[in-house]
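Below is one structure; the comments refer to it alone.
Residue numbers run from 1 in the order of the sequence given. Numbering of ligands and ligand atoms starts at 1, following listing order.
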Amino acid sequence: MNQQGKLIIFSAPSGSGKTTIVKRLLQSFPQFEFSISATSRQPRGEERNGIDYFFLSQEEFRRLIDQNAFVEWEEVYNGTCYGTLRSEMERIWAKGNVIIFDVDVMGGINLKRIFGQSACSIFIKAPSVEALRERLIGRGTDSMETIEKRIAKAEFELSKAPEFDFTVVNDSLDVAVEQTEQIIRNFLAE
Ligand code: ADP
Ligand code: 5GP
């Protein structure tokens, strides 16, 4: 299996179940490691600095942009930035591990453009926008205002699905995880 220098990118409208799927994959594939992004948003729920994200102030985030520390970064929501740190990718590859990304749709498209055949990009989709809303409400981590912002962005994000290598519909979680694992096994065997 040739996994040297490979990366797997997950993107999806918020609430589609991308984080849930990525967590399951990290349990099944010990050679996978999650690329911890930097963000200028506040931690929510049980999130911890240096595990889920590197939580930075707007000023710290700006400084890293100026230092060219990001492979890619996006202002995903008004005033809230997220970015992939070069140092994080180097750290994971130095161990010989495969990098897993959970990035927004534009970040996913950019990473695929940068890394080409070394990258497998997977778009995760909820079965409907209504299901997306229900999941965001059920997750219980965001205000109604934030949820509506995320839903409003979903239509644009869904229009970008064809730019990904694969799309997986996350209706039954077990089925979605199985399909994703199969896609990844094929990619790693290439
Ligand atoms: P994302 O990372 O795409 O924003 P999450 O993984 O946080 O999404 O999932 C959003 C919510 O939906 C969570 O509460 C999660 O437990 C739930 N969820 C994930 N997959 C499914 C599924 N297949 N069916 C129903 N609920 C799901
Ligand atoms: P959340 O606030 O729900 O954790 O994430 C919001 C969005 O930001 C998600 O779509 C997530 O994938 C995206 N995101 C997280 N890290 C990065 C990153 O490093 N770069 C980009 N472009 N998007 C990211």
Side-chain angles (χ1 to χ4, degrees), residues 7-27 34-56 61 64-65 69-89 92 99-115 119 121-143 145-147 149-154 156-158 160-161 163-164 167-180:
L7 47 103
I8 298 161
I9 304 159
F10 287 93
S11 298
S14 180
S16 308
K18 165 172 48 83
T19 310
T20 309
I21 291 173
V22 166
K23 285 196 170 148
R24 289 267 294 258
L25 291 173
L26 289 168
Q27 286 165 1
F34 183 63
S35 164
I36 303 166
S37 296
T39 180
S40 65
R41 81 156 163 75
Q42 298 286 320
R44 68 179 181 225
E46 312 235 297
E47 288 178 334
R48 279 171 300 162
N49 189 37
I51 292 178
D52 300 284
Y53 282 107
F54 296 107
F55 294 100
L56 307 177
F61 202 98
L64 288 179
I65 295 171
F70 292 112
V71 179
E72 64 77 35
W73 69 272
E74 297 284 330
E75 184 173 342
V76 178
Y77 302 106
N78 241 344
T80 309
C81 295
Y82 298 78
T84 302
L85 292 161
R86 239 172 260 290
S87 55
E88 187 60 9
M89 292 189 65
I92 298 172
I99 312 180
I100 302 285
F101 291 92
D102 172 340
V103 293
D104 90 310
V105 167
M106 293 318 296
I109 292 170
N110 285 333
L111 286 172
K112 176 67 192 179
R113 192 179 301 133
I114 296 166
F115 294 100
S121 64
I122 304 173
F123 189 95
I124 305 289
K125 222 174 167 174
S128 65
V129 173
E130 212 24 67
L132 201 63
R133 181 179 277 105
E134 278 167 21
R135 286 180 191 179
L136 284 170
I137 294 170
R139 188 167 70 184
T141 52
D142 299 290
S143 67
E145 191 194 339
T146 301
I147 289 174
K149 260 199 221 170
R150 286 172 185 236
I151 299 282
K153 200 163 181 195
F156 163 77
E157 293 170 322
L158 288 165
K160 296 289 178 191
E163 296 189 36
F164 284 71
T167 295
V168 170
V169 178
N170 178 22
D171 191 353
S172 150
L173 179 61
D174 286 340
V175 172
V177 169
E178 214 169 279
Q179 287 176 347
T180 309

_Looking at K160 and E157, is there a salt bridge between them, counting it only when a charged N and a carboxylate O are closer than 4.0 Å?_
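Looking at E157 and K160, the cut-off is not met.
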_Could you check whether R41 pairs with E47 (Lys NZ or Arg NE/NH1/NH2 to Asp/Glu carboxylate O, under 4.0 Å)?_
yes
*Of the non-hydrogen atoms in A126 and L132, which two are nearest, and what is the gap between them?*
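So the minimum-distance heavy-atom pair works out to CB-CD1, 3.8 Å.
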*Quick one: closest heavy-atom pair of I36 and L85, and the distance?*
O-CD1, 4.4 Å
*Mind checking whether E72 and F101 have side chains closer than 4.5 Å, heavy atoms only?*
no
*asked:* Can you work out which protein residues put a heavy atom within less than 4.0 Å of ligand 2?
replied: K18, S37, R41, R44, Y53, E72, E74, V76, Y77, Y82, G83, T84, D102, V103, D104, G107, R150
*Can you check whether F55's main-chain N or O pairs, donor with acceptor, with N49's side chain at less than 3.5 Å?*
yes
*Could you tell me whether a side-chain N or O of N170 sits under 3.5 Å from a main-chain N or O of S16, the two making a donor and an acceptor?*
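Checking the backbone N and O of S16 against the side chain of N170, a donor-acceptor pair under 3.5 Å is found.
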_Going by the rule side chain to side chain contact (heavy atoms under 4.5 Å, CB included), which residues pair with D174 if we only count those two or more places apart in sequence or in a different chain?_
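Once residues adjacent in sequence are excluded, the partners of D174 under the side chain to side chain contact (heavy atoms under 4.5 Å, CB included) criterion are R24, S172.
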_Which protein residues come within less than 4.0 angstrom of ligand 1, counting heavy atoms only?_
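Ligand 1 pocket, heavy atoms under 4.0 Å: P13, S14, G15, S16, G17, K18, T19, T20, R135, R139, N170, D171, L173.
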*Using the test ring pair (Phe, Tyr, Trp, His ring centres under 6.0 Å), find all partners of F34 that sit at least two apart in sequence or belong to another chain.*
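Ring pair (Phe, Tyr, Trp, His ring centres under 6.0 Å) check on F34 returns nothing, list empty.
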